[in-house]
Amino acid sequence: MRILLIAGAFNSLTQRVYAELGDRGHQVGVELVTRETPLAEVVRHRRPDLIVAPMLTTAIPREVWSALPCLIVHPGPVGDRGPSSVDWAVQLGADRWGVTVLQANDEMDAGDIWAAADCPVPPVAKSDLYRNEIADAAVEAVLTAVARVASGTHRPQPQATLPATARTGRPRPPLRQESRRIDWHRATTDTVVRTLRAADSRPGVRDELLGEPWYLHGGHPEDTLTGRPGELLATRCGAICRATADGAVWIPELRPPRAPGKPGTVKLPATLALGDRLPPLPELPAPPGPGDGRRTWSDIRYREDGPAGFLEFSFPGGAMSTDHCRRLLAAYRHACTRPTSVLVLGGRRDFFSNGIHLNVIEAADDPAAESWANLNAMDDLVHAVLTTTDRLVVAALGGNAAAGGAMLALAADEVWCRSSVVLNPHYRLMGLHGSEFWTYTLPRRAGAEVAEQLTTRALPLTAATGARLGLVDRILDCAAQDFAAQTTRLAVRLASAAPVHARIAAKKADRERDEAQRPLAAYRADELARMHRVFFDPEQPYHALRRAFVRKEPAATPAHLNSGEPAGT
């Protein structure tokens, strides 16, 4: 079928629906819409058989939905209505939630039902839930609905005819800031964490901190520190620890309010956002590992299970600043001193990595210099992975990877992905050539011709397509909550297998052969020369594209999404 996706942004769910439909042979195009988009005219020009809206905040006009099927993906169970469905799921502490695919009509979220799927709600932030459990349910429901439309025989079910027992959701109002307000003197740690997580990553919780208004983003419990409710207690790796009525929480990021008539503000690591406003506080080291029994936050952890080591990391939004890269490199070097034969990099749920931290770069006094420092820190990390020859390195992707983050994964000996992962192994949409040794690793895995297609077409790929192209070695078809356990089991088995030492020896010989043919330093120098020209030329598109991205400025539909071609190469 010719399917047109309409969305407010080409976000993670829209990308996944695009790639999943493309994998099944559909011709898929994308239109990013605002209230000003002449959608009827767009549809007449595109002539789709079906419209699917994975993430839409504007209404589809009657002249469109009355002319052809228009499926709305609503991230709530049957009967749920309103724009804050996932927020409410987290805020209320729901055990299960769902996704409903509806026929568009005159009333928002009230159309006939084409398909629905439910999902668990683990204790994670809204954005994590949305990219994983909600996205899994959404894809299941969309594929079912599309197949039913294609059959020509299925009739969607009017909501009014459903028995009350089938309507597990209900209409809910927008979750506004007054309902998110935190009473630090009364709220328990669990309540504060749930409130913060329900607002992650947007809109954040508006609050007062050090006498100024801020939006708080992200929340993690702390079970040891205590203090006067509301006061700041400590810092750790860019996050701040704030006391609650019965304990404390870690808040990784802050964002100042937007001033009237000014551009959107930028979300930053909390200590960086506060800058000189931050009072003297102790910088607490991260706990040694997850086995210490503590309920506290750390963005990097190392653990071992027999002959396998696991270096787990999780950075907000998958963005890796200069500091993130340097700290992860230090942890990687420490992991390489341990007596293991397999080292797993990643392994947590949600994002693996999206490369350099565009928000931190945008907020820097000299964005060009910070871009350069960040990229070199990423390169140092990737170089360390590529030159590890005394053990096997596995990149375990429980969530999506893009740009330099995708290339970090490709530097490993094996890439393991959860089946829901979306890969974006390209840089072009940010006006960049890219680095992270991709000119070595991508052709080595996929061949020169496919590498050229991937980086120029700049389309998202499913894990299945990644495996077909040689980018992925193992796909784990499991729930997000089970990925770490399955990765551990497989890594221990790999590290304990008899052939592992022969593989390590062969890997070392291959690296020496490749180095003799062309040193890694030559790949890096060529890549960095091209990136340096872009970073330090203020007229290059990168600077405007970066600014628009981090400040959430409305974007026109990129030309490469208009072709309606399947996503796979």
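In this chain, residues are counted from 1 in sequence order. All values below come from the heavy atoms of this structure, side chains included, with hydrogens, waters and symmetry mates left out.
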task: Could you walk me through whether F310 and L345 pass the side-chain contact (heavy atoms from CB on, under 4.5 Å) test, one step at a time?
output: CA-CA 6 Å; F310 300 85; L345 186 62; over 6 Å; no
So, the side chain of [X] versus the backbone of [Y]: is there a donor-acceptor pair under 3.5 Å, distance only?
X    : Y    : result
R2   : V28  : no
H217 : L254 : no
S321 : H324 : yes
D379 : E436 : yes
E370 : D365 : no
N374 : M320 : yes
T462 : T465 : yes
Y332 : L311 : no
E31  : T557 : no
R468 : A464 : no

- request: Could you please spell out the steps behind the salt bridge (Lys or Arg N to Asp or Glu O under 4.0 Å) verdict for R445 and D473?
  value: CA-CA 10 Å; R445 276 185 164 268; D473 300 288; 2.8 Å; yes
- request: Kindly assign one of parallel, tilted or perpendicular to the pair F536 and W372, based on the angle between their ring planes and the thresholds 30° and 60°.
  value: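 Because their plane-to-plane angle is over 60°, the rings of F536 and W372 count as perpendicular.
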task: Name the orientation class of the two ring planes belonging to Y302 and H334 (parallel below 30°, tilted from 30 to 60°, perpendicular beyond 60°).
output: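 Y302 vs H334 ring planes: perpendicular.
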Would you mind checking if [Y] and [X] are paired as a salt bridge, meaning a charged N to carboxylate O distance below 4.0 Å?
X    : Y    : answer
D380 : R333 : no
E304 : R338 : yes
E312 : R349 : no
R513 : D510 : yes
D514 : R518 : no

- prompt: Taking E362 as the fixed residue, which of K267, K552, R546 is the one that meets the salt bridge (charged side-chain N to carboxylate O under 4.0 Å, His left out) rule?
  reply: R546
Aromatic ring proximity, centroids under 6.0 angstrom, Y440 and Y523: yes
query: Do W438 and H426 have ring centres separated by under 6.0 Å?
result: no
Taking the side chain as every heavy atom from C-beta outward, state whether [X] and [Y] have any atom pair closer than 4.5 Å.
X    : Y    : result
L476 : W416 : yes
W250 : L225 : yes
V99  : D118 : no
V249 : I251 : yes
V73  : M55  : no
L471 : V415 : no
Q481 : E133 : yes
R16  : P460 : no

field: With L386, the side chain to side chain contact (heavy atoms under 4.5 Å, CB included) member among L520, L410, L381
entry: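 Answer after filtering L520, L410, L381: L520.
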Calculate, to the nearest 0.5 Å, the distance between atoms [atom1] and [atom2] belonging to [X] and [Y] respectively.
X    : Y    : atom1 : atom2 : result
L328 : I300 : CG    : CD1   : 5.0 Å
S341 : D390 : OG    : CG    : 10.0 Å
D366 : S371 : CG    : OG    : 8.5 Å
F313 : S353 : CZ    : OG    : 6.0 Å

- request: Can you spot which of Y427, F535, F549 makes a ring pair (Phe, Tyr, Trp, His ring centres under 6.0 Å) with Y542?
  value: F535
Check against side-chain contact (heavy atoms from CB on, under 4.5 Å), V342 and R391: CA-CA 6 Å; V342 170; R391 69 200 71 209; over 6 Å; no
task: Apply side-chain contact (heavy atoms from CB on, under 4.5 Å) to the pair R503 and K507, showing each step before the final yes or no.
output: CA-CA 6 Å; R503 286 193 59 187; K507 165 189 176 175; over 6 Å; no
- line: Of T487, D477, D136, N400, the one forming a side chain to side chain donor-acceptor pair (under 3.5 Å) with R418 is D136
field: side-chain contact (heavy atoms from CB on, under 4.5 Å) evaluation trace for V146 with H26
entry: CA-CA 10 Å; V146 169; H26 297 288; 3.9 Å; yes
query: So F315 and F351, ring-ring contact (aromatic ring centres under 6.0 Å, His included) or not? Walk me through it.
result: CA-CA 8 Å; F315 304 124; F351 281 124; over 10 Å; no
Looking only at the side chains, is there a donor atom on one of [X] and [Y] sitting less than 3.5 Å from an acceptor on the other?
X    : Y    : result
R524 : N376 : yes
D305 : T488 : no
D299 : S314 : no

- prompt: Take atom CD in Q517; do more than 12 heavy atoms of anything else shown fall under 6.0 Å from it?
  reply: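 Above 12, so yes.
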query: So does R96 have more than 12 non-hydrogen atoms from other groups sitting under 6.0 Å from CZ?
result: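 It does: R96 CZ has more than 12 such atoms within range.
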query: Could you walk me through whether D537 and R533 pass the salt bridge (Lys or Arg N to Asp or Glu O under 4.0 Å) check?
result: CA-CA 6 Å; D537 179 356; R533 288 194 293 270; over 6 Å; no
field: Step-by-step salt bridge (Lys or Arg N to Asp or Glu O under 4.0 Å) determination, D128 to R197
entry: CA-CA 9 Å; D128 184 340; R197 287 177 171 176; over 6 Å; no
task: Dump the intermediate steps for side-chain hydrogen bond (donor to acceptor under 3.5 Å, both in side chains) on R236 and S298, then the final yes or no.
output: CA-CA 8 Å; R236 176 185 292 153; S298 176; 5.8 Å; no
